[in-house]
Amino acid sequence: MARYLVVMEVSQKQAYIFESNHLRDNRYNSTEIAYITSNDYFEKALGPEVYSSNNIVYAGGGHTVLDFESKEKALEFSKKISRQIMVECPRMELFIAMSEYDDNNTPGGNLKELMKKLEEKKSRRRAYFHQENFGIEEMNADTYKMDVDVTSVPKVTSVIGSEAGGTDLEKLDREIDINTILPKSYDFNQTFETLGGSEGESNFVAIVHIDGNGMGKRVQEFYEKNNGNDWESFKKSIREFSEAIDRDFKSAFRDMNDKVDELLSEEKLDELKLKDNAFPVIRIISSGDDICFATDGRIGIECAATFISALKNKINVKDGKGYSACAGVAIVHKKYPFYRAYELAEALCSNAKKFGASLSKEDNGASVSSIDWHIEFGELADDLESVREQFITKDNKHLELRPYIVDASNEVLNKEKIRNYATFKKLFKKLSKKYNESGDNYSRIHLKQLRTVLKSGEAAAWHYLEFHKLDKLAMESYQGIYTQIDYNEMFKGEELEKKLFIKTLDEKERSCLFDAIELLDDYIPFD
């Protein structure tokens, strides 16, 4: 009998995860997607007559591929699991496609044909429907939908909530944190209020989105490398490859949290004013190379950079290659609409990837790890492009230098010498009274005023510095930061070059100072 392949995918995942404004629900929705596409759920929901663990090829990120010994078995699984999920998760959008395994094609070629069928089905959406509600549920005031508190709503068939009074998802969510993410025995955080800050102050949280670089191409290369194997060997390899990716990204997450834990132990993050045994990082999504978490706004950028640096040291045991990733950090008020914050973080991550691609065209930026961020002070814009238009000065220069390179080859770093995250940190410390080790202190009020004046253009900024006798700042923010000091020129009686704006590789003039000044109150360097 012919073998059949089945692919099952949750569509519109972000919309499902963030349909509520409650962080706890977002976490549980993310965990729910991972669970209903996993081996554990299939075993519990269907039983050995319909499914066994040997059927699964790989799973991750709401996407699962399986194989069955016959078309009848594949159809039985597809019908029963889709009905089960529709009953238990009525708002979830699910697609299932299947194809006959072609022995004349390679294993990777068969998977490509399966994905092609999935995309065709998704593009038609002829059979898309779901039960919104029955008209008797209590509506959620934040979403105008039926309540999505998955820990309290009773399940019809009780597969997800069959243990401990309907709290399987809560237990599973907690286990991910305790077993793989959280260091020591910190409290299991579920609200922004646990992240830090002081009551009555204008507190920010950072929503961080991290995505691996070039993972789609890497998977295709892995297919090609293993196409000479028989199907069972190929299936085993691709499953182990997928599991290794998930394990390595979770390990980098843990390394990042261990760094935060180290700083907390050394009392270097006391200004976060954490209560009791709270930890200032909350995991939201950790599925394969797709990562999202929330932190106190002052450590979000450093957490993202630390994650990327930790990931660089991981090697996938199946293809023997390391990783690179990009990050977007949206720093917003705690009351800011959460889904909008996530969308902003996702757009910032995408912008960081485009920046990397412009620097390394031969691999489309896969080798460049970069970071972009934005502090939202209350203005609402439709997209990131509209946001960045607000950072153009009256003389058509750019205030922001970001995105920044976190890690790249020497060739890339030599090509773009200005937009380097290590350089940004160096300048920030020079401007900050707390972290400046040279003894030169600049008035915080003057720096904040300069941030506003820079928007009026270079001429206005020079006038401001000269009037307040601060033109030394333009020299110190450039010499030894963005350029090496030429000490041979110092004894010729000529003044060292001063700059407020500097031309980057994209031929645009950008402010040397704005990014560092903007973060004076909202950034804590880790080292």
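Because the structure is a prediction, the values reported are computed rather than measured.
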Quiz item: Would D246 and K250 satisfy salt bridge (Lys or Arg N to Asp or Glu O under 4.0 Å), going step by step from the backbone distance to the final call?
Solution: CA-CA 6 Å; D246 186 69; K250 281 187 171 69; 2.9 Å; yes
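- Summarising the geometry, atom CZ belonging to R298 is positioned 11.5 Å from atom CD1 belonging to I331; distances are rounded to the nearest 0.5 Å.
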Exercise. Run the numbers on S286 and I176 for side chain to side chain contact (heavy atoms under 4.5 Å, CB included), then give the verdict.
Key: CA-CA 9 Å; S286 58; I176 294 172; 4.0 Å; yes
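- No side-chain donor from either of S287 and D290 sits under 3.5 Å from a side-chain acceptor of the other.
- Of the possible polar contacts, none joining the S11 side chain to the E93 backbone as a donor-acceptor pair under 3.5 Å is found.
- For D407 and S369, the side-chain atoms include no donor-acceptor pair closer than 3.5 Å.
- With values rounded to the nearest 0.5 angstrom, L264 atom CG is found 7.0 Å from L272 atom CG.
- Between the S242 side chain and the R239 main chain, no donor and acceptor come within less than 3.5 Å of each other.
- Each of V208, D261, T295, L182 was compared with V281 under the side chain to side chain contact (heavy atoms under 4.5 Å, CB included) criterion, and only T295 meets it.
- Taking the six-membered ring where the residue is Trp, F42 and Y51 present perpendicular rings, their angle passing 60° and hence far from 30°.
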Quiz item: side chain to side chain contact (heavy atoms under 4.5 Å, CB included) between L263 and I524: does it pass, once the steps are laid out?
Solution: CA-CA 11 Å; L263 294 170; I524 300 174; over 6 Å; no
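- Within a 6.0 Å sphere centred on NZ of K318, heavy atoms belonging to other residues, nucleotides or ligands number more than 12.
- Smallest separation of non-hydrogen atoms from N213 and C326: OD1-SG, 3.5 Å.
- Smallest separation of non-hydrogen atoms from V6 and A74: CG2-CB, 3.7 Å.
- Other residues, nucleotides and ligands contribute only 12 or fewer heavy atoms inside 6.0 Å of the NZ atom of K117.
- Ring pair F279/Y186 is tilted by interplanar angle, where 30° to 60° counts as tilted.
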Exercise. Go through D319 and K225 one step at a time and tell me if the salt bridge (Lys or Arg N to Asp or Glu O under 4.0 Å) criterion holds.
Key: CA-CA 9 Å; D319 69 357; K225 181 181 177 181; over 6 Å; no
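- A heavy-atom distance below 4.5 Å is found between the side chains of H374 and R402.
- Using a distance-only test at 3.5 Å, with no hydrogens or angles considered, no donor-acceptor pair links the side chain of S52 to the main chain of P48.
- Below 30°, between 30° and 60°, or above 60°: for F18 and F338 the angle between ring planes is between 30° and 60°, a tilted geometry.
- Sparse packing is recorded around CD of E411, with 12 or fewer heavy atoms of other residues, nucleotides or ligands lying under 6.0 Å away.
- Counting heavy atoms from C-beta outward, E240 and V317 have side chains that stay 4.5 Å or more apart.
- Salt bridge present: E302 and K425 bring a charged side-chain N and a carboxylate O closer than 4.0 Å.
- Summarising the geometry, atom CG belonging to L519 is positioned 4.5 Å from atom CD1 belonging to I301; distances are rounded to the nearest 0.5 Å.
- Atom NZ of K314 has more than 12 heavy atoms from other residues, nucleotides or ligands within 6.0 Å.
- Y35 has its ring centre less than 6.0 Å from the ring centre of Y41.
- The CE atom of M115 sits 8.5 Å away from the OG atom of S99 when rounded to the nearest 0.5 Å.
- In this structure, the side chain of S251 does not engage the main chain of R247 through any donor-acceptor pair within 3.5 Å.
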Practice problem: Step by step, work out the side chain to side chain contact (heavy atoms under 4.5 Å, CB included) result for I210 and L311. | Solution: CA-CA 11 Å; I210 296 176; L311 185 65; 5.7 Å; no
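- Under a 3.5 Å cut-off, the side chain of K80 and the backbone N or O of L46 do not form any donor-acceptor pair.
- Under the ring-ring contact (aromatic ring centres under 6.0 Å, His included) criterion, F234 pairs with Y223, W231, not counting sequence neighbours.
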Quiz item: Can K116 and E119 be said to form a salt bridge (Lys or Arg N to Asp or Glu O under 4.0 Å), step by step?
Solution: CA-CA 5 Å; K116 183 179 177 182; E119 292 306 315; over 6 Å; no
Quiz prompt | Trace of the side chain to side chain contact (heavy atoms under 4.5 Å, CB included) decision for L118 with L114 | solution = CA-CA 6 Å; L118 175 66; L114 179 65; over 6 Å; no
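- Between G212 and A325 the shortest heavy-atom distance is CA-CB, 4.0 Å.
- Between Y421 and Y404, the ring planes are perpendicular. Angles over 60° get that label, and only those under 30° would be called parallel.
- With hydrogens and angles ignored, the 3.5 Å screen pairs a side-chain donor or acceptor of S123 with a backbone N or O of E120.
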Practice problem: With salt bridge (Lys or Arg N to Asp or Glu O under 4.0 Å) as the test, would you mind laying out the steps for D258 and R254 before giving the verdict? | Solution: CA-CA 6 Å; D258 284 342; R254 178 61 181 264; 3.3 Å; yes
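- Heavy-atom contacts from other residues, nucleotides or ligands closer than 6.0 Å to CD of E385 number 12 or fewer.
- With hydrogens and angles disregarded, a donor-acceptor distance shorter than 3.5 Å links the side chain of R27 to the backbone of R283.
- Remark: T106 pairs with N227 by the side chain to side chain contact (heavy atoms under 4.5 Å, CB included) rule, at least two apart or across chains.
- Looking at N55, its side chain does come within 3.5 Å of a backbone N or O of D67 through a donor-acceptor pair.
- Figure legend: cation-pi geometry between R218 and Y323, with NZ or CZ positioned under 6.0 Å from the six-membered ring centre and within 45° of its axis.
- With D363 contributing its side chain and S367 its backbone, the two residues share a donor-acceptor pair below 3.5 Å.
- Looking only at distances, a side-chain donor or acceptor of S370 sits under 3.5 Å from a matching main-chain atom of A352.
- Ring to ring, F424 and Y523 are close: their centroids are under 6.0 angstrom apart.
- Aromatic ring orientation, Y58 versus H63: parallel (interplanar angle below 30°, classes split at 30° and 60°).
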